Each structure stands twice: as C-alpha cells, then as structure tokens.
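Working notes for the structure below.
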Amino acid sequence: MSEVRRIAVFTSGGDAPGMNAAVRAVVRTASYHDLHIYGIYGGYDGMINGKIERLEKKDVGNIMHRGGTILKTARSEEFRTKEGRKKAFENLQDLQIDACVCIGGNGTYTGADIFAQEYPIKMIGIPGTIDNDIFGTDYTIGFDTAVNTAIEAVDRIRDTADSHNRLFFIEVMGRHAGFIALNTGIASGAGSIFLPEKKESLNEFMEWLKKSSRRKKLFNLIIVAEGNTEGGAQSIADKVKNEVPEMDTKVTIIGHLQRGGSPSGLDRVLASRLGYGAVNAIMDGKSRVAIGSINNALSYTSFKDAIFKTKDLEDDTVEMARILAM
Ligand code: F6P
C-alpha cells in the first residue's frame, strides 16, 4: 500500500490538446483509490503563488473534448530559482501534498527533477507537448491533433496553390524537432520538407525545384519546421525568390492554430492511459520518472534520460518522404 495520501496535478509549458483528458484521468484514478487530489493552477507559477485547489471527480466532467488546459499553464522563470522552489514546497507542505503529476515537456521535467531532489516530494511526468520531442514515449499528448490540424490547413492551401500555380512555403511548429513537419509533409503529399534535424541545403532544394518545373509541375507545397537551420518559411521563401524572381511564392505560418482545438481520439486515449498510469506509478512508489507509451505498452523513463536523451526522427521515414515526393 502506498504511503502517498495527497497528490497534486498541474500542466506546464506550451499547452497541448489532450492535456484535459490527462487531468481527468489523474483526478478520477486518484479518487478511485481514495487519494486526495489537488489542481495547481498556472503550472509552477501557481505552485509558488499557492493557487492550489481541491479537485473532485465532478470537477473534471465535460472536459475530455476541450483543447487547452483547464488548469492553465505557464513557463515559469521564478521556479528556476531556489527561492521560488522553496516557496512552492512550503505551499505543498501546507496542504500535506506528497506527490505531483506534472504534464508538459522537457522544461517541465527539468523543473520536476530538480524539485524532487531538493525536497521530499515524489514527481511523475506525463509527456504533453505537440512537438513529440520527448524521449521515452512513441507519442506525446497533443501531437496527433496538431498534425491533423496542420494537414487540414495544408489541404486548404493546396486548393489555392493549385489554382494559381504558386509555390507555397508553409511553416509548422517545432523549435527543435521535425516530427510535426515530417508527418504533416508525408500526409499532405508535400514536395519537400525542411526539418531542424536534417541540414537540407538550399542548393539541393533549388536543384529539386528546377527538376520539378522541368516536369511541368506547376505548383508546390513545401513544409518548413520553424526551427529549421535555413530559417523559417519566410526566410527560405525570400532566398528562393532572390534566386528565381519569376516564381510566384507565398508563405503561410500556421502558428498557434496547431496548439488549439478539440483533441483527436488518439490523443484522448493516450492521455487517459498516461494519466491513469501516472497515479498507479505514484502508488507503486515511483518518483523522478516520466511515463510514456512504447509499442502500445506503458513505459517508465527516468527524468534524466527523458530530459537528456534525444528522440530521433527515423531515417527510413525521412527517406520515404523524399522518395514519395518525387
Ligand atoms: O513547445 C511547443 C511549442 O508549440 C513549440 O513548437 C513552439 O516553438 C513553442 O511551443 C511556442 O511557444 P509559445 O506559445 O510560448 O510561444
């Protein structure tokens, strides 16, 4: 039997569709086991400022389908300081909270790992970020929804690009990782994909573009991950326009549209499984680990590995995208 009696849950970093489903699963699983459960509002900032409230099963009804996070979120600067973390611990201590489930990405895990080493608080992470850039899980909560949103946007752009014979550069999110770009590019039949991980040289791209025009391909859709080394979509479009001024180029930045909206079925189910698994992990005495799903089975990865190991794009998938785009 676990010694943990009181758990808190919070969301942190960039929001992701499906976070609410994870919160619901944490609250309901904890309630099922007669644990007291608290919601921290506004991520680590809320922990520091004492924005912590008791949650009951009914408080998480009717949220499964909602994007964003009912617990709000933030990227906290104060939690990076020792003083900030001390205040946060005192607030948890006042409520006798012994464990926290944090839902977020790499920055969230980093804060949790430091906190659990400094203070007697168990910390369990759930990967919630549209970027899918977390080691120790095949998918993060929000990724599937974000990709579907981006695909829908690209499909719409295709109609107008085709009608006007235009070259569109479409920028998707992903500061450090190209998962959204790669998957959106494959699923929307893009002509080329610029990823942060692969140094696609502009020269190679220009060669490809020339071949494409020789084949009388009159319009093209190019997906650019925001963190690509050649720059964002605007910067690449400017360079291309400079070399081929007659080309009718356009730029669309999908931006935060990708972060909103109702979560997909896959994200709702993934979030539910991870939320349920996180509470069970706490009851098993685990701490400083992130839960994930690998080959459809729940997995646990130390925060250290989840933070410092990189989840790579599959080379074979990148190669496939290139071949299919020919
Ligand atoms: O970490 C998720 C992410 O969506 C990145 O892809 C993007 O670069 C970043 O968040 C944007 O963050 P913010 O909304 O804080 O500007």
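In listed order, ligands and their atoms are each counted from 1. What you are looking at is a predicted structure, and each value in this text was computed from that prediction instead of being measured.
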Verdict with reasoning, H65 to R268, per side chain to side chain contact (heavy atoms under 4.5 Å, CB included): CA-CA 8 Å; H65 60 293; R268 295 180 197 196; 3.8 Å; yes
Heavy-atom closest contact (I121 atom, A99 atom, distance): CG2-CA, 4.5 Å
Distance flag, aromatic centroids of F219 and F168, threshold under 6.0 Å: no
Under 3.5 Å: donor-acceptor pair, side chain of N20, backbone of I70: yes
Whether G105 lies under 4.0 Å from ligand 1, heavy atom: no
Per-atom contacts of ligand 1 with G174, taking only distances under 4.0 Å to non-hydrogen atoms: 6 (O)
Heavy-atom nearest neighbour of atom 12 (O) of ligand 1 within options H176, R75, Q258: R75
From R259, M173, E226 - option closest to atom 8 (O) of ligand 1 by heavy atom: E226
Protein heavy atom at shortest distance from atom 6 (O) of ligand 1: D131 OD1, 2.7 Å
Separation of D133 CG from R175 CZ (nearest 0.5 Å): 8.5 Å
Sub-4.0 Å heavy-atom approach of H256 to ligand 1: yes
Cation over ring face, K239 and F205, 6.0 Å, 45°: no
Enumerated ligand 1 atoms positioned under 4.0 Å from heavy atoms of I130: 4 (O)
